[in-house]
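These notes concern the structure reproduced below.
Bear in mind that the values here come from a model prediction, so they are computed numbers and not experimental data. In what follows, chains carry the letters A, B, and so on, assigned in the order in which the sequence lines appear, proteins first and then strands, with residues in each chain numbered from 1.
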Number of protein chains: 2
Amino acid sequence: MKKGEATKARILEEATRQAALRGLTGVSLNDVAEAVGLSKSGLFKHFESKEDMHLAVVQMVTDRFSELIRLPASQLPPGRPRLEKIFERWLQWCEDDWAESGCPIMQLSVELDDQPGPPRDLLHKQLQGFRKTVTREFLSLRDPPLSDREAQAAYFQMKSFVLGQSDARRMMGDADARRSAQAAFEALLDRTSRAAA
Amino acid sequence: MKKGEATKARILEEATRQAALRGLTGVSLNDVAEAVGLSKSGLFKHFESKEDMHLAVVQMVTDRFSELIRLPASQLPPGRPRLEKIFERWLQWCEDDWAESGCPIMQLSVELDDQPGPPRDLLHKQLQGFRKTVTREFLSLRDPPLSDREAQAAYFQMKSFVLGQSDARRMMGDADARRSAQAAFEALLDRTSRAAA
DNA sequence: GAGCTTAGCGACCGGTCGTGCTCTTTTCTA
DNA sequence: TAGAAAAGAGCACGACCGGTCGCTAAGCTC
């Protein structure tokens with residue numbers, strides 16, 4: 001059971017790439033099969049249906065997100081260092097790792113937010129987990145710790161800046177987007193850690 | 001040439017509704033025709049092709065956006081009143097006017113940002129125009145006017161908060177999203193108008 | 001290396017896609 | 001009100017969609 005797993009991984013890789021470009025629904029099994037060097041029917045030895053593949057794509061994207069953003073940050077001291085690392089890797093994820101297609105998590109969010117089903121539920125669960133982790137990190141940003149409300153507000157702004165950067169760069173062609181986001185985030189950290197309880 | 005225009009408007013209305021739900025590519029001419037009470041071929045008396053309809057949808061969405069956000073604000077005194085009005089109407093636009101589907105401009109942005117062609121170009125042009133208008137409004141927020149850089153940074157954050165609210169509410173089910181966005185924006189206005197040159 | 005398991009192929013299914021064609025009905029205009 | 005012009009129906013097309021089936025060939029285990 002080794003060759004099979006490798007092939008499945010290749011299929012998923014390609015499907016994820018295409019989903020980032022055209023959305024989950026826009027992925028054609030024919031195109032995926034061709035790109036991987038398989039026949040269409042060969043795909044069905046690895047996935048029961050297209051929705052099954054959708055689910056696997058969501059899983060793969062969120063796994064990779066964790067690996068590239070959460071993991072490296074978790075090895076730093078809590079608070080500001082971690083938050084800065086997360087933000088930096090997050091921007092990087094949108095900007096470089098998916099340069100041709102834009103952040104797949106944003107794409108999936110917009111596509112799935114009104115489309116009930118297992119893919120949406122999985123994405124929702126993973127994003128909630130990430131939110132919780134980061135919000136907790138905000139709590140320990142100041143010595144008398146932030147209130148839950150404050151931490152949530154900070155996370156809201158942090159994610160907003162990531163979304164803003166992605167939108168500005170991709171849709172508006174704004175080359176300064178990253179600097180704008182970075183500056184806004186640093187200011188947010190300053191404000192948040194300075195503010196009195 | 002009156003009945004025709006009315007029918008075309010109805011078609012566009014429905015196509016826009018569906019595009020907000022499933023994206024431009026996801027719109028089925030069959031479904032649109034059926035919903036409007038026409039045959040599929042009847043549609044082609046009003047649009048040369050599907051891409052032609054895509055373009056008209058983008059035009060309609062951005063026109064309505066102007067009408068609902070820019071127009072009411074333009075009747076207020078410049079500076080803070082206008083900015084607050086724009087932000088409030090903008091959030092409203094995402095939250096209510098497209099309650100079931102999410103802000104169509106975000107949807108279109110994500111879908112079109114890597115899809116060259118007339119629809120993308122039109123959307124890009126309209127969004128640039130809007131950005132310019134709002135950025136100019138930021139300039140007159142303070143007596144010694146903001147620098148271009150400051151105004152652009154402020155617009156970046158403003159748009160980020162709108163994106164953040166839409167994402168938080170739709171994908172994360174965050175009922176407080178609007179309040180978070182509103183608070184963040186008010187704080188942004190305070191900071192921006194207070195900051196020394 | 002025999003034998004079971006699994007990966008993969010090719011043909012094919014019913015259905016839907018966007019689009020062209022011809023023909024009829026409705027609407028507008030002079 | 002007659003006649004031109006526009007609106008729309010009906011149908012058929014070729015391409016493509018996700019998916020099934022039976023078969024072969026390769027891989028894995030003992």
A/Lys132 and A/Glu137: salt bridge (Lys or Arg N to Asp or Glu O under 4.0 Å), yes or no, with the steps?
-> CA-CA 9 Å; A/Lys132 213 166 172 180; A/Glu137 217 53 65; over 6 Å; no
Candidates C/dC17, D/dG18, D/dG8 - which lies nearest the side chain of A/Ser28 | D/dG18
Rounded to whole Å, the CG-P distance (B/Leu29 to D/dG8) equals 16 Å
Any Lys/Arg nitrogen of A/Glu67 or A/Arg64 sitting under 4.0 Å from an Asp/Glu carboxylate oxygen of the other?
-> no
Once you round it to whole Å, what is the distance between C1' of D/dG27 and CD of A/Glu5?
-> 13 Å
Look at the side chain of B/Glu111 and the backbone N and O of B/Thr25, then say whether any donor-acceptor pair between them is shorter than 3.5 Å.
-> yes
Please give, in whole Å, the distance from D/dA15 C1' to A/Asn30 CG?
-> 11 Å
Looking at B/Glu84 and B/Arg89, does any basic side-chain N land under 4.0 Å from a carboxylate oxygen?
-> no
Base, sugar-phosphate, or nothing: which does A/Gly26 touch, judged by heavy atoms less than 4.0 Å apart?
-> nothing
If we fit an axis to the first five pairs and another to the last five of the helix from C/dG1-D/dC30 to C/dA30-D/dT1, what angle do they make, to the nearest 10°?
-> 30°
Between C/dG18 atom P and B/Ile11 atom CD1, what is the distance in whole Å?
-> 14 Å
Between NZ of A/Lys40 and C1' of D/dC21 the distance, given in whole Å, is 14 Å
Check B/Gln128, B/His124, B/Met106 against A/Met171 for a side chain to side chain contact (heavy atoms under 4.5 Å, CB included) and give me the one that passes.
-> B/His124
Test side-chain contact (heavy atoms from CB on, under 4.5 Å) applied to B/Arg17 and B/Trp98, step by step | CA-CA 8 Å; B/Arg17 216 181 57 80; B/Trp98 309 88; 5.7 Å; no
Inspect the contact between A/Arg179 and A/Asp174 and indicate whether a charged nitrogen and a carboxylate oxygen are less than 4.0 angstrom apart.
-> no
For B/Leu163, does its backbone N or O pair with a side-chain atom of B/Ser166 as donor and acceptor, under 3.5 Å?
-> no
Between D/dC17 atom P and A/Gln18 atom CD, what is the distance in whole Å?
-> 10 Å
Let me know the distance between CD of A/Glu34 and P of C/dG8, rounded to the nearest Å.
-> 16 Å
Do the side chain of B/Ser41 and the base of D/dG10 come within less than 3.5 angstrom through a donor-acceptor pair of N or O atoms?
-> yes
What parts of residues 42-57 of chain B reach DNA chain C, counting only heavy atoms under 4.0 Å away?
-> B/Phe44, B/Ser49, B/Lys50
Have a look at A/Val27 and say if it touches a base, only the backbone sugar-phosphate, or nothing, with a 4.0 Å heavy-atom cut-off.
-> sugar-phosphate
Rounded to whole Å, the CG-C1' distance (A/Asp31 to D/dC17) equals 11 Å
Are A/Lys159 and B/Asp167 close enough for a salt bridge, meaning some N to O gap below 4.0 Å?
-> yes
